[in-house]
Asks: 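What follows is a single structure, and I will ask about it in a moment.
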Amino acid sequence: MSRELIEVPLNKLVVAESNVRRTGAKDGVEELAASILAHGLLQPLLVVACEDGRYAVIAGSRRLAAMKLLAKRKALPRGFAVPVMVREAGEEESLAENVVRMTLHPADQYEAFRRLELSGLGAADIAARFGVSLRIVRQRLALGAVAPHLMQAYRDGELTLAQLEAFTVTDDPVRQDQVYQALGSFREPWRIRAALTQADISGRDRRVQFLGLDVYEMAGGAVLRDLFSTTDEVWLTDAALLDRLCLGKLGEIADQVAQEGWLWTDVALEFPHSHGCRRVYPFAVELTDDVVQQRLAANVALEELYTQHPRDEVSEEVAAEMARLDEEITRLSHQAYAYDPAIIPCAGVFVVLGHDGDARIERGFVRPQDEVPEPEGEHEAKAAQASNNDSVSADVTMPVEAESGGIGLSDRLIADLSAQRTVALRDVLARQPDIAMLALAHTLILQGFYGRRYDAPSCLTIRIEAPALAQHAEGIDDGPAARAITERHEEWAKMMPQEAAELWDWLSTLDRDSRDALLAHVVAQSVNALILPHECRTSVIRDANRLAQATGLAMRDYWSPTVPAYLGRVTKAAIMQAVEEGVSNEAAQRLGSLTKVEMARQAERLLVETDWLPAGLRTPADVAEGEQEAVAFAQAAE
């Protein structure tokens with residue numbers, strides 16, 4: 001058998017007709033070219049001599065294509081000589097080379113890449129030498145670094161590649177082995193990742209969105225990465241550092257806000273709803289013609305961009321211009337409102353992290369110790385002036401002498417006369433529904449917007465009782481419903497007069513629709529559908545159901561069955577029932593062997609895209625008269 005080894009110029013080599021490789025002949029040529037450039041041609045080509053002086057390649061067509069690619073790129077010198085082994089036959093040798101060989105096991109490849117890294121080669125160098133992407137090299141390096149016990153399990157077929165990839169979320173081999181042993185035979189990739197990251201913070205956390213992952217890493221914060229995720233999912237391991245950095249960034253924003261002249265600023269990751277302060281809102285001011293024109297021009301420009309560029313066709317430049325115009329409109333709009341200059345030096349600002357990952361700047365809070373009392377007699381004078389406008393709007397208690405026209409009367413007689421006037425007012429008010437609605441709105445709005453300064457703000461004995469909900473549901477005051485209510489409240493507050501004594505006249509000027517909308521806002525604050533274990537409120541539950549039905553309440557717009565909100569606080573039986581109702585009985589049965597923590601997480605993934613709600617949050621299709629809803633109280637499962 002002839003085995004002559006010679007060197008042949010690259011331009012004298014062609015692919016033989018007897019070369020058996022037809023499928024995939026061009027696959028991986030880039031990678032092969034990079035390897036040949038870095039390591040040289042490690043195996044000579046098998047060729048047969050042609051009558052025209054050329055040599056036909058019977059084994060090595062991919063190597064030939066790679067070298068021709070390098071020559072085209074001028075990475076090989078002109079006249080490059082290729083080592084070849086000349087054979088007499090053709091097809092059988094080509095078949096033998098491609099069939100009688102064993103592909104390298106992936107585990108051996110991963111460990112070999114890891115050894116290259118340990119020898120001093122960086123990931124970028126390895127990528128260049130083997131013609132693969134940097135991402136692929138990092139994936140192979142991570143796989144090569146898993147605990148030896150796990151790599152052997154992969155070789156033995158006890159772990160799939162997807163399961164091995166899941167273990168690369170952490171580079172701690174001890175932790176990898178612990179999770180491997182703890183999971184037993186339940187080693188789905190999602191479960192492995194969940195077990196390895198259960199004590200860490202997701203990159204989707206609002207704190208990370210606010211701070212930026214790069215800032216956290218520059219400060220020395222450790223990160224776990226899923227190199228095999230299409231979304232490049234990450235987890236942060238140092239919660240204390242993340243909180244400290246977020247508070248620092250909020251503090252920088254607070255320092256800028258403090259330059260407006262506020263008495264104090266306070267930063268927090270959560271809004272301190274038990275702050276005990278009185279809230280003061282800005283009032284409307286007249287804009288200059290220049291500001292009005294600027295805002296109009298920015299609005300017109302933004303509308304034109306939206307018309308010319310549909311959302312799915314917006315370039316980065318156009319998107320940036322849209323964002324700039326939107327910020328400009330917001331900035332100019334804020335100039336339409338201002339705080340009383342006398343309030344700013346005795347009020348403060350909370351700078352907190354919102355649920356959407358943006359900083360919330362809440363201005364105008366007056367602490368009890370910072371309240372400035374009004375000069376003696378000034379408050380009574382204002383109230384006296386307001387009482388001349390309409391007798392129903394008595395905002396404060398007037399001196400007895402004023403009520404009796406300066407004539408000394410006995411307390412008994414004054415009470416008698418005021419009772420007569422009260423009953424007369426009741427009768428005349430009942431005959432005038434429009435004034436009655438105005439008086440109702442006046443009374444409730446005083447309570448809802450003017451706060452503790454007016455403990456008895458109206459002659460109508462109607463009171464809003466709005467129990468605090470945060471003590472029953474953590475984080476509720478930063479949820480979508482509470483934020484919408486707060487934003488609506490602030491918009492109304494900006495339009496109202498600063499003094500309560502002026503509210504009646506202001507309400508009188510509102511059109512009917514605006515007044516009704518404002519009344520709906522304050523009435524809504526009195527809703528109390530709380531179900532507490534020590535109270536029997538069957539009629540309240542029934543009426544809350546009717547209200548939900550009448551308003552078309554859709555709780556999934558406000559609430560989702562997540563682990564913190566529900567699934568982590570009920571028993572395994574309740575979790576399986578939820579999945580059975582929301583997904584299917586089969587899906588519920590598949591969760592039966594999981595631990596409580598794993599079951600809750602998997603159930604969240606299944607239920608979050610459905611419309612499922614627990615019984616207490618469902619809106620009944622019909623609430624019959626006298627119907628009672630059974631409510632069971634049980635200790636929350638830990």
Asks: Regarding T168 and E165, is there a side-chain donor-to-acceptor distance under 3.5 Å anywhere?
Replies: no
Asks: I need the full list of side chain to side chain donor-acceptor pair (under 3.5 Å) pairs touching residues 242-251, with sequence neighbours left out, sorted by first then second residue.
Replies: R207-D243
Asks: Please identify each residue that fulfils side-chain hydrogen bond (donor to acceptor under 3.5 Å, both in side chains) with E30, with sequence neighbours left out.
Replies: R73
Asks: Among pairs that include at least one residue of residues 140-157, which meet salt bridge (charged side-chain N to carboxylate O under 4.0 Å, His left out), considering only residues two or more places apart or in two chains?
Replies: D108-R155, E111-R155
Asks: Tell me, please, which residues at least two apart from R191 pass side-chain hydrogen bond (donor to acceptor under 3.5 Å, both in side chains).
Replies: E188
Asks: Taking salt bridge (charged side-chain N to carboxylate O under 4.0 Å, His left out) as the definition, give me every residue that meets it alongside D125, ordered by chain and number, with sequence neighbours left out.
Replies: none
Asks: Would you please name every residue forming a side-chain contact (heavy atoms from CB on, under 4.5 Å) with A258, sequence neighbours left out?
Replies: T265
Asks: Ring of F350, cation from R360 - is the NZ or CZ under 6.0 Å from the centre and inside 45° of the axis?
Replies: no
Asks: Could you tell me whether F210 atom CZ has more than 12 heavy atoms of other residues or ligands within 6.0 Å of it?
Replies: yes
Asks: Check whether any side-chain heavy atom of V47 lies under 4.5 Å from a side-chain heavy atom of L13, and answer yes or no.
Replies: yes
Asks: Atom CD in E598, atom NZ in K572: separation rounded to 0.5 Å?
Replies: 9.0 Å
Asks: Under the salt bridge (Lys or Arg N to Asp or Glu O under 4.0 Å) criterion, do R295 and E328 qualify, and how do the steps go?
Replies: CA-CA 8 Å; R295 189 167 66 174; E328 179 72 2; over 6 Å; no
Asks: Between R556 (side chain only) and W612 (backbone N and O only), is there a donor and an acceptor less than 3.5 Å apart?
Replies: yes
Asks: For E316, does the CD atom sit with more than 12 other heavy atoms under 6.0 Å from it, leaving out its own atoms?
Replies: no
Asks: Are R206 and Q209 linked by a side-chain donor-acceptor pair shorter than 3.5 Å?
Replies: no
Asks: Is atom CG of D171 surrounded by more than 12 heavy atoms (other residues, nucleotides or ligands) closer than 6.0 Å?
Replies: no
Asks: Go through the steps for R324 and E327 under the test salt bridge (Lys or Arg N to Asp or Glu O under 4.0 Å), then give the verdict.
Replies: CA-CA 5 Å; R324 188 194 68 79; E327 291 178 1; over 6 Å; no
Asks: We want to know whether Q256 and E252 form a side-chain donor-acceptor pair, criterion being a heavy-atom distance below 3.5 angstrom.
Replies: no
